[in-house]
Amino acid sequence: MSQDQKHQVLKRKLGPEDLRRFETPAIERESHGQTSAKSSVPDSLSTVAVDFAGVTKSYGNKIVVDELSFSVASGECFGLLGPNGAGKSTIARMLLGMTCPDAGTITVLGVPVPARARLARRGIGVVPQFDNLDQEFTVRENLLVFGRYFGMSTRQSEAVIPSLLEFARLERKADARVSELSGGMKRCLTMARALINDPQLIVMDEPTTGLDPHARHLIWERLRALLARGKTIILTTHFMEEAERLCDRLCVLEKGRNIAEGGPQALIDEHIGCQVMEIYGGDPHELLSLVKPHSQRIEVSGETLYCYAPDPDQVRTQLQGRAGLRLLLRPANLEDVFLRLTGREMEE
Amino acid sequence: MIEGFAAALPANAWNWVAVWRRNYLAWKKVALVSLLGNLADPMIYLFGLGTGLGIMVGRVDGASYIAFLAAGMVAVSAMTASTLETLYAAFARMHSQRTWEAMLYTHVTLGDIVLGELAWAATKAFMAGTAITIVTATLGYAAWPSVLYALPIIALTGCVFASLAMIVTALSPSYDYFVFYQTLVLTPMLFLSGAVFPLNQLPGAFQQIARCMPLSHAIDLIRPVMLDRPISGIALHVGVLGLYALLPFFLSMALLRRRLMR
């Protein structure tokens with residue numbers, strides 16, 4: 001299926017709100033944003049890039065990854081979403097063959113891992129959670145040295161460095177030391193470094209953690225540029241917004257288990273299916289009894305009442321005349337899904 | 001388990017060069033300072049002890065004390081240079097800078113990294129030891145040209161102590177633990193290996209212990225070539241040094257694999 005055909009198919013599947021998103025200037029969004037969320041794995045991208053089957057890993061008595069199964073199609077952006085400690089980084093390490101699973105099988109780019117991890121890594125680029133660039137080297141030297149780890153000669157690396165610098169928007173910083181770069185620039189360089197071996201698969205572990213909003217948007221934009229080039233991306237994150245924006249599909253992790261899997265919008269529709277009204281400024285427990293008859297589900301978190309209401313106007317009417325209340329009506333998002341699935345302070 | 005260990009071994013005979021070159025590039029940026037730092041300590045010992053004690057001691061084994069000491073200091077400088085590189089610098093690359101982690105994303109295996117680090121530490125030992133050899137030979141404390149035979153032994157000594165220090169690096173939770181190895185292993189070895197005084201001054205039991213120490217075998221090879229004397233038991237000395245280089249390499253690999261790839 002060509003990009004245009006795919007575009008048409010997607011348009012047919014989408015509602016008016018999705019179409020507005022579709023028309024936004026977000027770069028190269030056509031085949032990879034939330035827009036494709038409703039289809040599970042795009043038909044044209046049936047090759048499996050990564051497959052985890054019943055993978056378990058524990059450290060001592062602590063089970064970090066529990067009977068985890070998922071597969072990622074070539075060309076898609078797959079998210080591993082979960083709070084800190086959900087096992088995201090361990091999954092990324094197992095995928096790279098840097099740690100062995102206790103049970104289950106892992107296949108990456110058609111190669112069994114960890115048995116043939118070195119061969120698999122030939123086709124993988126990694127953007128780690130913690131910056132591990134060589135601080136004392138210049139931007140160019142970092143790329144050159146990293147190319148050598150893949151057996152690339154200086155000449156081979158120098159041939160690709162200009163395009164990598166362009167990708168990272170670091171053309172003018174080629175001879176600057178890494179220690180002189182901002183956090184966003186460093187992360188861009190790490191992304192460029194991950195591309196030196198022209199990988200098919202890019203593993204990004206918390207790529208925007210610790211970055212300011214401006215840098216975060218830059219990284220997202222660069223990430224979409226990679227998807228437009230047909231790269232497969234595995235993204236671990238605890239930012240719901242990031243997952244919602246970027247991932248074609250994602251799997252929600254809790255204590256190393258896959259508790260839900262699907263496209264972001266599909267998950268929102270399936271688990272929430274209506275708008276959310278946030279109510280704050282009053283005693284949430286008192287308000288709860290008032291709005292309960294008109295809500296599908298209510299959740300109290302701190303002093304805020306989250307009201308999942310099919311008809312928000314009825315809730316509004318119930319609360320009319322009460323002073324000091326603030327109401328915010330918003331579309332449901334992945335965070336709502338996550339809270340629902342992990343069940344924090346919830347009341348059905 | 002065995003399969004996992006095999007996967008962590010060096011991938012081929014040349015992959016480690018990329019790791020060595022990374023360290024060389026970093027070193028080039030601070031080469032002068034690094035060289036002076038590595039040279040200052042053994043030079044001060046050589047001339048401080050050599051001239052000071054030399055007056056009291058007179059001749060040792062038929063050579064001036066300073067010429068006797070020079071061979072010891074060459075071996076000790078190789079030992080110190082490669083130990084410090086592997087303990088502090090390699091530990092930083094493994095632990096705080098996460099350089100090894102970045103390497104492990106690539107075609108390089110853990111074995112390649114360890115081998116590259118050992119080769120680099122041995123290179124630094126070679127540079128330090130060679131510089132002192134040149135100085136002592138220039139001042140007439142070492143015989144020319146037999147002193148040239150000392151160079152490969154210096155490199156081998158560097159390998160031995162890098163390899164041993166890699167075990168400490170693999171086991172240490174933090175930098176603070178390195179001092180135990182330095183004070184409880186290296187310092188006694190300095191006095192038990194004939195670096196500063198002849199071994200036959202020691203009681204018999206200590207002489208036996210000394211024969212197990214890698215430093216004494218290095219000195220037994222370096223001293224005769226620097227003083228242009230015949231060497232006895234070359235094969236034994238080289239064999240012991242070879243084992244000291246090889247066995248800790250595999251042991252440290254296994255320990256590092258347990259530490260980094262669990």
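Values below: all heavy atoms of this structure, side chains included; hydrogens, waters and symmetry mates excluded. Just so we're on the same page: letters track the sequence lines, and every chain starts at 1. The model shown is predicted, which means the values in this text are computed figures rather than measured ones.
Within a 6.0 Å sphere centred on OH of B:Tyr88, other residues, nucleotides and ligands contribute more than 12 heavy atoms. Heavy atoms of other residues, nucleotides or ligands lying less than 6.0 angstrom from CZ of A:Arg122 number 12 at most.
A:Ile124 CD1 to B:Thr106 OG1: the interatomic distance, rounded to the nearest 0.5 Å, is 11.5 Å. The NE2 atom of B:His107 lies 12.5 Å from the CE atom of A:Met152; values are rounded to the nearest 0.5 Å. For the atom pair B:Leu25 CG and A:Phe137 CZ, the distance stands at 4.0 Å (nearest 0.5 Å). For the atom pair CD1 (B:Ile113) and OH (A:Tyr149), the distance works out to 8.0 Å, reported to the nearest 0.5 Å. Between A:Asn132 atom CG and B:Tyr105 atom OH the span is 4.5 Å, to the nearest 0.5 Å.
In this structure, chain B has no heavy atom under 4.5 Å from any part of A:Pro114. Heavy atoms closer than 4.5 Å to chain A are found in the backbone of B:Leu260, but not in its side chain. Proximity to chain A (any heavy atom under 4.5 Å) is restricted, for B:Asn12, to the side chain, taken from C-beta onward.
A:Phe52 pairs by the ring-ring contact (aromatic ring centres under 6.0 Å, His included) definition with A:Phe70, not counting sequence neighbours.
For the pair A:Gln135/B:Gln97, no side-chain contact is recorded, criterion being any heavy-atom separation below 4.5 Å from C-beta on. For the pair A:Glu141/B:Arg22, no side-chain contact is recorded, criterion being any heavy-atom separation below 4.5 Å from C-beta on. Contact annotation: the side chain of A:Asp134 approaches that of B:Thr99 to within less than 4.5 Å [non-hydrogen atoms, C-beta and beyond].
In terms of heavy-atom pairs under 4.5 angstrom with chain B, the leader among A:Arg116, A:Met98, A:Arg118 is A:Arg118.
B:Met261 and A:Gly97 make their closest contact through CE-O, 3.8 Å (heavy atoms, listed as atom of the first residue, atom of the second, distance).
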